[in-house]
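Scroll down for the structure; my scribbles are underneath it.
What's counted below: heavy atoms across the whole structure, side chains too, no hydrogens, waters or symmetry copies. In each ligand, atom 1 is the first atom listed, and ligand 1 is the first ligand listed. Note that the structure is a prediction, hence the values are computed from the model and not measured.
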Amino acid sequence: MRRILFVGAEALPFAATGGLGDVMGSLPCEIQKAGGSDVDVRVIMPLYKAVSDSFRAQMQTVYEGSVYLGWRELYVGIRALEYKGVTYYFVDNEQFFGRDGKLYGHYDDAERYAYFCEAVLSCLPYIDFVPDVLHAHDWQAALAVVYLNVKYKNDWRYGRVKSVFTIHNIEYQGKYDPYILGNTFGLGTEHLGLMCYDGCINLMKAAIECCDMVSTVSPKYASEIKDPTYSHGLHYQLIKEHSKLRGILNGIDYDLYNPETDPVIASNFTSRALSKKAANKKALQKELALPVRDDVPLVALISRLVSHKGLDLFTPIADKLLEDDIQLVVLGMGDETYENFMRELEERHRDKVRSLILYNRDTSKKIYAACDIFLMPSKSEPCGLSQMIASRYGAIPVVRETGGLYDSIKPYYETEDGEIHGNGFTFANYYFGELEERTNAAIALWRDKAKRKKLVTKIMKTDFSWGASAQKYIQMYNELF
Ligand code: GLC
């Protein structure tokens, strides 16, 4: 039996801020299902204050002791619970993780995640789970791969452990001043070469170099990150290591995102009973005090309001799109410029636009269920989950052909005999004219009821479940042995 340990900074439903949490909360269970008795998948993450009391009440303490990081001796507790058939371990340390507010973005993140990674490695023999594959996710877990290679490999208990490092977003690499190498990371100057890139410590670079396999969350992104346009400086490293780079498309949790059973939406529906989707639109229009009309296309944008999500393509065309008879609902937070733009857009078009400058999962689901057209014009998108969720909830996606958007949404066209191809509207260039043109094309299609029904039914039936991808992860693990 192959033992796999996922190491990462967040997982749904315990504590999450973004797509990484979705993946850490659903992929382990899917791999477990796909692998059956051939695999034993477990997960380890920090025990943040945000983890609810009801989960805490289910936890068992499996280890308590000390972790040594540089010159410091620090407390560690390992708690465990079972969730959807998978054991989740939590690293408990009040000083680092018992904080209110955000999960990361604290002044001492370097130390917090160095501690986390050291705690993971040093505790494995005590929790009796030294894995065959240590699978680390994103920069917060990068040091687990590094410590395994530079500190633990000589210990016979860890000698056979292979490692995989998954990049969910190459933009966040964990970059620090080389000065903190010894004090914060507990590493000697002999490791400067490994740890440094472009003049600073770069945790992601070091993990890419140390691991046995690097993966990222879509095939297209795996090829894009070898190009300086997308690599945020790391292309040299990835070109060097290209033979161990893989791209596996994420899926979405089909239980969590299911319009047929979702308890938070106004009316459950399926691709066979599309008319029921309309009740969700009506409910949202009412809730947001927009004119309640079935014949107007409802366009949605649910995103972090930052430029790389394509906001700088959307802002120049927003007023023009709104000259047409449409409604627009925006949900998200981000840069002040975009937040203010959205507020002002609503002011200018009170009868057509609602800008909700917040993030809330339930609200997002109500919008997915209500909207007709979903915009995602990202500049880069490692995988992207929203386009898949929107599709499952019967919205027509309009996306830029990048990363996972390219891999999951194929351009719609209809042949002369009426056969339809593709599952959305896509454009190639990062140019606002193309977004405008494709959005208008999607709106025009939506107005043609017969065509709409055919396309939306096809979109809703597109398979975005984890099944195939979970198999690909198992194949990747097998390649390591
Ligand atoms: C990151 C990426 C996103 C991806 C998610 C899960 O949040 O930005 O594109 O879907 O990770 O892998």
Side-chain angles (χ1 to χ4, degrees), residues 6-13 15-31 43 45 102-105 135-142 164-174 204 207 214-225 229-232 234 245-254 256-257 301-311 332-335 359 361 364 368 374-392 397 399-409 464-466 468-470 472-473 476:
F6 271 57
V7 185
E10 54 178 84
L12 269 177
T17 56
L20 172 65
D22 273 279
V23 174
M24 295 279 296
S26 49
L27 177 57
C29 155
E30 296 289 339
I31 294 177
V43 183
M45 65 180 279
K102 56 192 175 192
L103 304 186
Y104 25 90
H135 188 163
H137 297 259
D138 271 355
W139 72 268
Q140 298 93 335
V164 176
F165 181 67
T166 294
I167 300 170
H168 291 263
N169 193 336
I170 204 160
E171 194 173 345
Y172 308 105
Q173 299 172 1
M204 192 172 262
V214 190
S215 81
T216 185
V217 288
S218 68
K220 181 74 168 174
Y221 195 60
S223 70
E224 284 174 346
I225 53 179
T229 316
Y230 293 96
S231 70
H232 291 268
L234 275 179
L245 178 61
R246 304 284 180 278
I248 303 176
L249 192 69
N250 287 333
I252 52 170
D253 187 325
Y254 262 40
L256 189 62
Y257 300 110
L301 183 87
I302 302 178
S303 171
R304 264 186 302 132
L305 303 179
V306 293
S307 79
H308 83 255
K309 290 285 181 187
L311 268 289
M333 299 160 78
D335 292 349
Y359 186 74
R361 187 173 294 268
S364 78
Y368 286 123
F374 185 77
L375 305 184
M376 201 159 169
S378 308
K379 188 182 265 170
S380 73
E381 195 61 71
C383 177
L385 303 171
S386 313
Q387 80 280 15
M388 302 186 192
I389 302 170
S391 299
R392 192 133 202 257
V399 308
R400 193 172 92 82
E401 292 157 14
T402 182
L405 294 173
Y406 171 85
D407 289 316
S408 59
I409 308 296
F464 292 124
S465 66
W466 273 108
S469 306
K472 289 191 182 132
Y473 276 96
M476 175 171 70

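- The proximity of D22 to ligand 1, defined as any non-hydrogen pair under 4.0 Å, does not occur for either the backbone or the side chain.
- In this structure, S218 contributes its side chain and P382 its backbone to a donor-acceptor pair below 3.5 Å.
- Counting only heavy atoms of the protein, atom 2 (C) of ligand 1 lies nearest to H168 O, 3.1 Å.
- For atom 10 (O) of ligand 1, the nearest non-hydrogen atom from the set G384, G403, S386, G404 belongs to G384.
- Among the atoms of V23, none of the N or O lies under 3.5 angstrom from an N or O of ligand 1.
- The atoms of ligand 1 that sit less than 4.0 Å from any heavy atom of E381 are 3 (C), 8 (O), 9 (O).
- Within ligand 1, counting atoms from 1 as listed, the ones closer than 4.0 Å to a heavy atom of N250 are 6 (C), 10 (O), 12 (O).
- The aromatic rings of F6 and H135 sit tilted relative to each other, their planes meeting at an angle between 30° and 60°.
- Listed by number with element, the atoms of ligand 1 under 4.0 angstrom from any heavy atom of V217 are 12 (O).
- Considering M376, E401, E224 as possible partners of E381, the one that fulfils the side chain to side chain contact (heavy atoms under 4.5 Å, CB included) test is M376.
- Taking the ring centre of Y254 as origin, the terminal cationic atom of R392 falls inside the region bounded by 6.0 Å and 45° from the ring axis.
- Taking any N or O of K309, backbone or side chain, none lies under 3.5 Å from an N or O belonging to ligand 1.
- A donor and an acceptor atom, one from each side chain of Q387 and S408, are located under 3.5 Å apart.
- An N or O contact shorter than 3.5 Å links C383 to ligand 1 by distance.
- Counting heavy atoms from C-beta outward, R361 and L256 have side chains that approach closer than 4.5 Å.
- Side-chain contact between F374 and I302 is present, with at least one heavy-atom pair separated by less than 4.5 Å.
- Looking from atom 8 (O) of ligand 1 to the surrounding protein, the closest heavy atom is N169 ND2, 3.4 Å.
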